[in-house]
Amino acid sequence: MTVHPVATSTSGAEASSFLGMVLADRGDRRRAACVAVVLLLAFAATAPFAGRALPAVPTFVPAYDAAVMVLASIAALMLHAQYRDLHQRSFLWLACGYLYGALFALLHGLSFPDAFVSGSLFGDSQTTVWLWIFWHGASPLFVIAYALAGTGRWRNGGWPLHRVAYPAVVLSVVLIALALVRLDDRLPQLLVSVQYRPLMTRMIGTAVWTVHLIAIALLIWRTRLRRLLDLWLCVTLLAAVIELALSGMMISARYQLGFYIGRVYGLVGTLVMLGLLLRHALLLQGRLVRAASALHDSERRYRDLFDSMGEAFYIGEVVKDEEGRIVDLQFLQENPMARRYIGRDIAGRRLSEVVPDFDQEWLDIVEQVIRTGKERSLERPSARVQRYFRYRVFRLKGRQKQVGILFQDIKPRRDAELALRDSEERFRQFGQAASSVLWIRNADTLELEYVSAAFETICGRRCDAVVGSGFDAWLAMVHPDDREAVRRAVRRVQQGERVEQEYRILHGETGDELWLLGTEFPMRDDDCRINRIGGIAQDATLLKKAQFRLSESEERLRSAIEVGRLATWDWNLTTGEVAWSDEHYRIEGYLPGEVVPSYEAWVARVHPDDRETSEAAVRQAMLTGGEYAREVRFLHPDGSVHWANARGRFFYDAAGRPVRMVGSMIDTTLRREYEDAQRVLVAELQHRTRNLIAVVRSISDRTLRESADMAQFATVFSERLGSLARVQGLLSRLKEGQRVTFDELLRMELAAHLDAQDGSRFTLSGPDGVTLRSSSVQPLALAIHELITNAVKYGALRDPAGYLRIAWSVQDEDGRPWLHVDWRETGVVPPAACDVERGSGAGRELIERALPYQFGARTTYELTDAGVHCTIAMPISRREMASPHGHDARL
């Protein structure tokens, strides 16, 4: 139980040279809590049996008291050492408390009856009990004083309180012991033989126990148990409280179990504090050994450093005259480098002996360093050894009359500095004369260290406005849209890349946008670390404008080529390389980039029938220097043929050898198709014209045969020719792919014969958009013309009571669409004698004979008492767009 309670982490114990300054860490608190729990558990286990009687062993108590005395004395000595080193009165109170306990333990052991002789060595039967009470009752008071004293210190020059405190403790113990011996018969009787008086014992024991509890509470409140000493002192008080309970309050006589076990707790409490102090003492001794070893190693390293240092070093002591003035300098020690520079050993000699004609300024410098303690540095040439030295003179710590002199040959460095200044001057002159902007910036902070004079000319800003400034000052003159790119470029240079970039800046005076073409690169030191960033930039505004104009020109040319669908090629005859535009690929049937452009790739797509003549034309143009102009057919992989009109020319070197061919071609396939279509249309026009003339001749002949005179011929022929003209006009207005619809044809003829007010005399019923074959439009129009003319002259459209109904529909027959037309007149007055021949003319013949003959139509024509009833069924175009809704409209 004496090892674990005081065990603490090495790091915690070595945190300070004094136990009183060591703070308790989490491990210390866990260990203290474990010890406290063990003490409480042991108390709980033994408390029920505390009153059990055991054999009487009178010598046990003196042995216990002797152990406590020795342990407490040692603890008092070690606590006094803490008090002496830390100058804190709290440790003095604690040391006095342990001294008080050690003295009372001695007196208590000597006075215990039957231990050494029959009866007591001094006092009576009550003396031992009252000594125990004063011992345990007053000890917590010292802990209370320790807690109340805090961490206040007394200065070294203060009053030595310990010279009074320790004698006072000894004197108080002696006086209390004498008083108890003299007043033994007058003191309250606490013990009868070996039996305690219960009431008095419990009252006094409770008072002593309360003092201990107050000491624990006050210790926790004042110290918060932050320090290691406070933590284990609280454990010691806990052990004392348990000792009081077992050996004083829970037993009724001596030599019971609690009597023995309680004193074990008292011994444990003393061992806890002593063990903690001894542990700390051992740690301090270990540190002392390590410090001595470190000091030895430090002295050895100092000697090694002193002997191997690159600078020469002297230790000297001033020599003063009777008036206290420094008149010489005694050299005490020197290193090998100093002997190498001077060429001899001067340790133990004076400056006047080494250099009889030394400069008095040296002694003035030494005197100033000794007086002020401030180091002096100076550089001096040495004509004797042909060197240039830099000296540092300083006073040695703790030595009022000794100085150290460090000196080093700086001639190589001075020569390097001169060369560097010369190089910097040349660089400055170069920077002043350069038309480009030069700059150097710190690689870490990006602070600008140098910028050439061209910066003011190009950027319109003063050099001192950016030199010494951070990177933000440089970014401030960069165009806002380019700042992020400049920032990324600098980060890349910091990582070791060389970066070239173009960016815009804003002129400092005019605010105009200028383009800089800059290069930034890393600069490295002797250790190959990037320590600076160099940069060079030139004004690229004019170049950028020229590039913009060139780019715009190229863009216009490219747009013109793309809009004009112009294909180009560039053939290098020396290398065999060929460049094609995207349109060139497409004309030849390739996807852009599908093949590597070459003469062979071009020949492979030329139509086999044109290949020989095309290659012959190329060779002819190459030999004669003339223009290559030819329309070539290309055969695409899908079998389609495409035409292209190609033109090109060759270029020759000084020897007349062809070195390059440049040309262009345009796709003429569509033009060829238009020309073919035009020829077809002309042929169709000629065919239709002949047919139209034939129709006109036929109409003329039939009308002439049917007319009674020329007046009737002129009228009927004009009407029929008008109907034919209207149909031709309708056909001519159609666009490609359009067809004439039946309802459109019907309305056109009705509008030609009737006025607007006649729309109430007929009804149209049928779907809209029924398209007709182009070949059937003209005959069907003439048939409708004849039916309408007869209705106007003789039928339903003549009589006021007459009415005309025209209905049509589309039906599928044998997988083809057929148009069914039903023409029905009603309300017609029976024909007069002059009208007997109605319905036997050209119209009826056209309906009953011509339509079935030309188009396979099925027709009926019936003249009834109510009027004409005619039906026509004929095939129509498959592309009709019949409306889903019926038609019922009037003019």
Side-chain angles (χ1 to χ4, degrees), residues 310-311 375 377 379 390 392 408 410 412-541 544:
E311 291 181 298
E375 179 183 318
S377 299
E379 295 180 1
R390 181 178 185 273
R392 290 173 52 209
Q408 186 178 17
I410 61 172
R413 193 196 69 187
R414 282 175 56 85
D415 295 341
E417 289 177 351
L418 292 174
L420 178 60
R421 282 197 293 269
D422 183 61
S423 175
E424 290 177 347
E425 179 61 22
R426 289 196 299 269
F427 176 75
R428 187 189 63 79
Q429 294 178 4
F430 172 75
Q432 293 290 336
S435 59
S436 300
V437 181
L438 308 177
W439 69 84
I440 298 175
R441 67 174 80 253
N442 186 284
D444 297 326
T445 64
L446 298 181
E447 178 182 337
L448 199 64
E449 299 177 352
Y450 167 80
V451 65
S452 64
F455 175 80
E456 297 184 354
T457 304
I458 294 177
C459 301
R461 289 175 170 82
R462 294 179 56 84
C463 294
D464 54 12
V466 293
V467 173
S469 302
F471 192 58
D472 291 339
W474 182 271
L475 283 179
M477 71 176 185
V478 178
H479 192 280
D481 295 341
D482 297 341
R483 287 174 184 169
E484 185 59 31
V486 172
R487 187 179 286 108
R488 288 196 302 268
V490 169
R491 285 198 290 264
R492 290 170 56 192
V493 177
Q494 287 178 313
Q495 295 172 1
E497 294 186 43
R498 178 188 180 93
V499 178
E500 296 182 1
Q501 64 173 343
E502 290 180 337
Y503 55 92
R504 293 166 292 174
I505 66 169
L506 301 177
H507 195 273
E509 297 177 355
T510 64
D512 296 337
E513 288 187 8
L514 303 176
W515 280 92
L516 288 185
L517 177 59
T519 301
E520 290 196 277
F521 51 90
M523 304 173 67
R524 303 179 184 272
D525 56 15
D526 295 338
D527 297 329
C528 205
R529 292 192 300 265
I530 299 175
N531 61 345
R532 286 180 174 82
I533 295 176
I536 181 171
Q538 58 183 353
D539 188 354
T541 305
K544 201 67 178 178

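No hydrogens, no waters, no symmetry mates; every other heavy atom, side chains included, goes into these values.
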Chemist: Would you indicate whether the side-chain heavy atoms of L506 and E513 approach each other to under 4.5 Å?
Modeler: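 SC-SC contact between E513 and L506 confirmed.
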Chemist: Between D482 (side chain only) and R504 (backbone N and O only), is there a donor and an acceptor less than 3.5 Å apart?
Modeler: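 Between the backbone of R504 and the side chain of D482 there is a qualifying donor-acceptor contact (under 3.5 Å).
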Chemist: With rounding to the nearest 0.5 angstrom, report the CE to NE2 distance, M477 to H507.
Modeler: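 Interatomic distance, M477 CE to H507 NE2, rounded to 0.5 Å: 11.0 Å.
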Chemist: Tell me the closest heavy-atom pair linking S377 and R392, and the distance in Å.
Modeler: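 Nearest heavy atoms, S377 then R392: OG-CG, 3.7 Å.
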Chemist: For a side chain to side chain contact (heavy atoms under 4.5 Å, CB included) check, start with the C-alpha distance between V490 and V499, then their side-chain angles and the critical distance, and finish with the verdict.
Modeler: CA-CA 8 Å; V490 169; V499 178; over 6 Å; no
Chemist: Are the side chains of R461 and F455 in contact, using a 4.5 Å heavy-atom criterion?
Modeler: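 Counting from C-beta outward, F455 and R461 do come under 4.5 Å.
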Chemist: Between atom CG of L438 and atom CD1 of I440, what is the distance when rounded to the nearest 0.5 Å?
Modeler: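 The distance works out to 8.5 Å.
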Chemist: For side chain to side chain contact (heavy atoms under 4.5 Å, CB included), just list the numbers for I530 and Q494, CA-CA rounded to whole Å, side-chain angles, deciding distance to a tenth of an Å, and then say yes or no.
Modeler: CA-CA 7 Å; I530 299 175; Q494 287 178 313; over 6 Å; no
Chemist: Do the side chain of Q501 and the main chain of G518 share a donor and acceptor less than 3.5 angstrom apart?
Modeler: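 The answer is no, because no donor-acceptor pair under 3.5 Å joins these two groups.
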Chemist: Using the side chain to side chain contact (heavy atoms under 4.5 Å, CB included) rule, take W439 and V466 through it: C-alpha gap first, then chi angles, then the decisive distance, then the call.
Modeler: CA-CA 11 Å; W439 69 84; V466 293; over 6 Å; no
Chemist: So, taking the atom named CG in D539 and the one named CD1 in I505, what distance separates them when rounded to the nearest 0.5 Å?
Modeler: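 Between D539 CG and I505 CD1, I get 7.5 Å after rounding to 0.5 Å.
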Chemist: Nearest 0.5 angstrom please: L446 CG to L448 CG, how far?
Modeler: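 Taking CG in L446 and CG in L448, the distance rounds to 10.0 Å.
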Chemist: Hey, could you give me the CH2/CZ distance between W474 and R487, rounded to the nearest 0.5 Å?
Modeler: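 Between W474 CH2 and R487 CZ, I get 14.5 Å after rounding to 0.5 Å.
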Chemist: Could you pull out the closest heavy-atom pair between M523 and I533, with the gap in Å?
Modeler: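 Reported closest heavy-atom pair: SD-C, 4.1 Å.
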Chemist: Where do S452 and C463 come nearest, in terms of heavy atoms and distance?
Modeler: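 Looking at all heavy atoms of both residues, the shortest contact is O-SG, 3.6 Å.
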Chemist: Just one of E449, R524, R441 clears the side-chain contact (heavy atoms from CB on, under 4.5 Å) bar with R532, so which one?
Modeler: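 Going through the options one by one, the only one that passes is E449.
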Chemist: If you apply the rule side chain to side chain contact (heavy atoms under 4.5 Å, CB included), what do you find for I458 with L516, and how did you get there?
Modeler: CA-CA 9 Å; I458 294 177; L516 288 185; 3.9 Å; yes
Chemist: Has D525 got a side-chain atom pairing as donor or acceptor with D527's backbone, closer than 3.5 angstrom?
Modeler: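 Checking the backbone N and O of D527 against the side chain of D525, a donor-acceptor pair under 3.5 Å is found.
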Chemist: Once salt bridge (charged side-chain N to carboxylate O under 4.0 Å, His left out) is applied, do any residues pair with E500, and if so which ones, sequence neighbours excluded?
Modeler: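 None.
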